[in-house]
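Computed from heavy atoms alone, side chains included, the values below leave out hydrogens, waters and symmetry copies.
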Amino acid sequence: MTIEQKIINAVLDILNAETGQSMPVERISLQKTRKDFTGDFTLVVFPFVKLLRRSPEECAVFLGEALIKNVPEVDKYNVIKGFLNISLKPSFWLDFLTKKHEDKDYGYQKPISDDQQPVVVEYSSPNTNKPLHLGHIRNNLLGWSIASILEASGQKVVRVNLVNDRGIHICKSMLAWMKFGNGATPANTGTKGDKLVGDYYVQFESELRRQVKKMMQEKGIDEDEARGKAPLMIEAQSLLRRWEERKPEVVEVWKMMNGWVYEGFDKTYKRMGISFDKVYYESETYLLGRDIVLEGLKRERLYKKADGSVWANLSDQNLDDKLLLRADGTSVYMTQDIGTAQLRYDDFDPQQMIYVVGNEQNHHFNVLKKVLKLLGKPYNKQIHHLSYGMVELPDGRMKSREGTVVDADDLMNEMEETAQITTEELGKTGNIPEGDKIRLYEMIGLGALKYFILKVDPRKNMLFNPEESIDFNGNTAPFIQYTHARISSILRTAGKTRLKHLKPMEDASVINDKERELLKYIYYFPALISEAAKEYSPALIANYVYELCKAFNQFYHDHSVLNEPDRAISDFRLMLSQLTAQVICNGMSLLGIRVPDKM
RNA sequence: GGCCCCGUAGUUCAACGGAUAGAAUAGAAGUUUCCUAAACUUUAGAUACAGGUUCGAUUCCUGUCGGGGCUACCA
């Protein structure tokens, strides 16, 4: 039981004994004392005023006195307005540090049981017609991090990807390659596979625009109609039909081009440091989706229009009817998602299926759940759309048509270059071997990027300014990494033998304010992970680690670890430094960010 | 038009309905015979607007204004 729970239980007991009435736990607010006030935890007493029939101050004093009697760890208290600030005995903090300072897994909970149902987390979900961009970066980092956080909170997690490798958009780049490619391959052009395929998608769109413009002028029709009737579009649609018919000449090109893309994606994923336990392909799930839809039609949960298209009637949900199969029998995104959900359910029997997908698809997931319910699929309740905000550029949303997309590979390159330049400017390259330098620049550059993105509440839109966002000072990963490097330096200097023989301090009363502040942060780490898991928010972890580092730097500035003459205090500070470094490392690893021992 | 989300220092981000709204950055002023100054210290600066609920509202409710998203036989 944590000390917070102990205090809360004690408060409940005290109130009950005094008034004979019980109070719901949710009404009790116990928080970390703000740093302008003295104390470790603060209890808000306003909720008890009516029950105790005393003034807020009297309530606080009453509870403070009672807590000292009932909870051995409570040392003293002070009252400011309706706030009861509780201080624990210094020995509580000392015991805590002594017990935990060598715990490599501090903060991480072990799975409750081996056979618990997993949480399936889907993220990334790329299309195979375009390279990964900044939006995918946010998605990938969020997905990876949230999966890690859930694991650290004791869940069993399966990371999955769903590749959108079929559909009309894929046919577009295939068609452009067949018409204009002249046999270009990644090998003979020296272009990364995903980039090469992306180039043909762009070419398709520009050719199509030319045709549309011409038709609008010559035939006087509007843009929508022209797009539908343009020869290139007709050809793309016919290609999709032939693909669904599994025509060998089409499938062959499709396989080849997708192979190029995967090779490119794999490089980008690897560099980003993310991976998956299982990869689903739309081309392998849409048929199951189609079968489920046809089955639903047979059972009259769905209906067929005169043209042969199949629809779900959602009018009782206040939603428009949703198309599930086109008149020509081909599938749409929703069809595929129905199949994928079923497959995932069959594969893992998950307690929850989380989809990390942008908030622009809120409507889609809303409809997906409704359709699954309509089809009588019980797992519609397990689906959770983890809806995150968009990444915007200073002049608005990224638009591939306007060429304002920030490419993932390019961005990572820039970050690492900036890391190198900054490190060299600071003159910190001296005693680091060449090979280590490259790894260090990667660690710092990618760390800065990942932290910048993950420190923002996932639900909110965020702004990325290429000119200004690459910052290495302040609330950034390099600041945190630097703090870790400083601590590592201390521990290195102290030496392994000394670290092995650290003696627990006997007199806890010498713990100073900065040390105590640091201990409070560290103590909170496990609860923070649970909180982050509950909220699906890596941002909580990011901002916490930053606060922790600030607290350490203040301690570091005011007090010396190794030059402290009192050996007991010096040992105590070594333990404190050790555990701080561990929390920094463990916290950052939940964000997919590594921390160096030197920088 | 309808539905959903968001408006906090110049800028980018924080704040389970709780204390004097926190940071960072940009600005001003300082700190290095001492374990890494990518650090530390001081300073100035913000809840779009109007009501309501509450002991207490940035947070909940209503309206206004501003920004974004969705409303596809795209994904």
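- Evaluation of the salt bridge (charged side-chain N to carboxylate O under 4.0 Å, His left out) rule for Asp337(A) yields no partner, not counting sequence neighbours.
- Aromatic ring orientation, Trp311(A) versus Tyr303(A): parallel (interplanar angle below 30°, classes split at 30° and 60°).
- Candidate nucleotides C13(B), C40(B), A38(B) were compared by shortest atom distance to the side chain of Thr422(A), and A38(B) ranks first.
- Nucleic acid contact class of Tyr333(A) (heavy atoms, under 4.0 Å, all strands): base.
- Here the shortest heavy-atom pairing between Leu324(A) and Val332(A) reads O-CG2, 4.0 Å.
- Using a 4.0 Å heavy-atom criterion, one finds that Val561(A) contacts the bases of the nucleic acid, with or without backbone contacts as well.
- Here the closest non-hydrogen pair linking Asn85(A) and Gly39(A) is CB-CA, 4.5 Å.
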Restricting to nitrogen or oxygen on both sides, can you table the protein-nucleotides 70-73 of chain B pairs closer than 3.5 Å?
residue	atom	partner	partner atom	Å
C73(B)	N4	Asp307(A)	OD2	2.9

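- Look at Phe83(A) and the base of G18(B); the rings do not stack under the cut-offs of 5.5 Å between centres and 30° between planes.
- Considering only the side chain of Phe37(A), U20(B) comes nearest among A39(B), U20(B), A75(B).
- Not counting sequence neighbours, Tyr544(A) has no partner by the side chain to side chain donor-acceptor pair (under 3.5 Å) test.
- For the OP1/OP2 pair of G18(B) and a distance below 4.0 Å, the side-chain nitrogens and oxygens of Gln31(A) include no atom meeting the criterion.
- In this structure Ser315(A) satisfies the side chain to side chain donor-acceptor pair (under 3.5 Å) test together with Asn313(A), sequence neighbours excluded.
- Stem analysis of RNA chain B (at least three stacked-register Watson-Crick or G-U pairs, each with both distances under 3.5 Å) gives B:1-7 with B:65-71, B:10-13 with B:22-25, B:27-31 with B:39-43, B:48-52 with B:60-64.
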Result block: side-chain N/O donor-acceptor pairs under 3.5 angstrom for residues 445-462 of chain A, not counting sequence neighbours:
residue	atom	partner	partner atom	Å
Lys450(A)	NZ	Met272(A)	O	2.8
Lys450(A)	NZ	Gly592(A)	O	2.7
Tyr451(A)	OH	Asn475(A)	OD1	2.5
Tyr451(A)	OH	Ala542(A)	O	3.0
Lys455(A)	NZ	Asn475(A)	O	3.2
Asp457(A)	OD1	Arg459(A)	N	3.0
Asp457(A)	OD2	Arg459(A)	NH2	3.2
Asn461(A)	OD1	Met390(A)	N	2.9

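- Against RNA chain B, the stretch residues 487-496 of chain A makes heavy-atom approaches under 4.0 Å through Ser489(A), Ile490(A).
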Could you encode protein contacts along nucleotides 23-29 of chain B as a string, one character per nucleotide from 5' to 3', using B for base contact, S for sugar-phosphate-only contact and - for no contact, with a heavy-atom cut-off of under 4.0 Å?
-> SSS----
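- If you check distances only, the side chain of Ser125(A) never reaches the base of A75(B) with a donor-acceptor pair under 3.5 Å.
- Here the C1' atom of nucleotide C3(B) and the CG atom of Asn362(A) are 11 Å apart, to the nearest Å.
- The side chain of Tyr482(A) lies closest to U36(B), out of G68(B), U36(B), U41(B).
- Side-chain proximity of Asn127(A) to the nucleotides A75(B), G68(B), C35(B) is greatest for A75(B).
- Within 3.5 Å, no donor on the side chain of Lys598(A) pairs with an acceptor on the base of U36(B), nor the reverse.
- When the C1' atom is compared between G7(B) and A48(B), the two are found 6 Å apart, to the nearest whole Å.
- Of the candidate nucleotides U36(B), C13(B), C35(B), U36(B) has the atom lying nearest to any side-chain atom of Ala485(A).
- If you take atom P in G63(B) and the same atom in C4(B), they sit 11 Å apart, rounded to whole Å.
- In this view, Thr2(A) and Gln5(A) satisfy the side chain to side chain donor-acceptor pair (under 3.5 Å) rule, not counting sequence neighbours.
- Here Arg241(A) pairs with nothing under the side chain to side chain donor-acceptor pair (under 3.5 Å) rule; sequence neighbours left out.
- Within the 4.0 angstrom heavy-atom criterion, no nucleotide atom of any strand lies near Thr330(A).
- If you take OH of Tyr556(A) and C1' of U32(B), they are 11 Å apart, rounded to a whole angstrom.
- Counting any heavy atom pair closer than 4.0 Å across all strands shown, Lys460(A) reaches sugar-phosphate atoms only and no base atom.
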At under 4.0 Å between heavy atoms, which parts of nucleotides 52-59 of chain B does protein reach? Answer with one letter per nucleotide, 5' to 3': B base, S sugar-phosphate only, - none.
-> ---B----
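- Among residues two or more places apart in sequence or in another chain, the side-chain contact (heavy atoms from CB on, under 4.5 Å) test is passed with Asn553(A) by Phe479(A), Thr483(A), Arg486(A).
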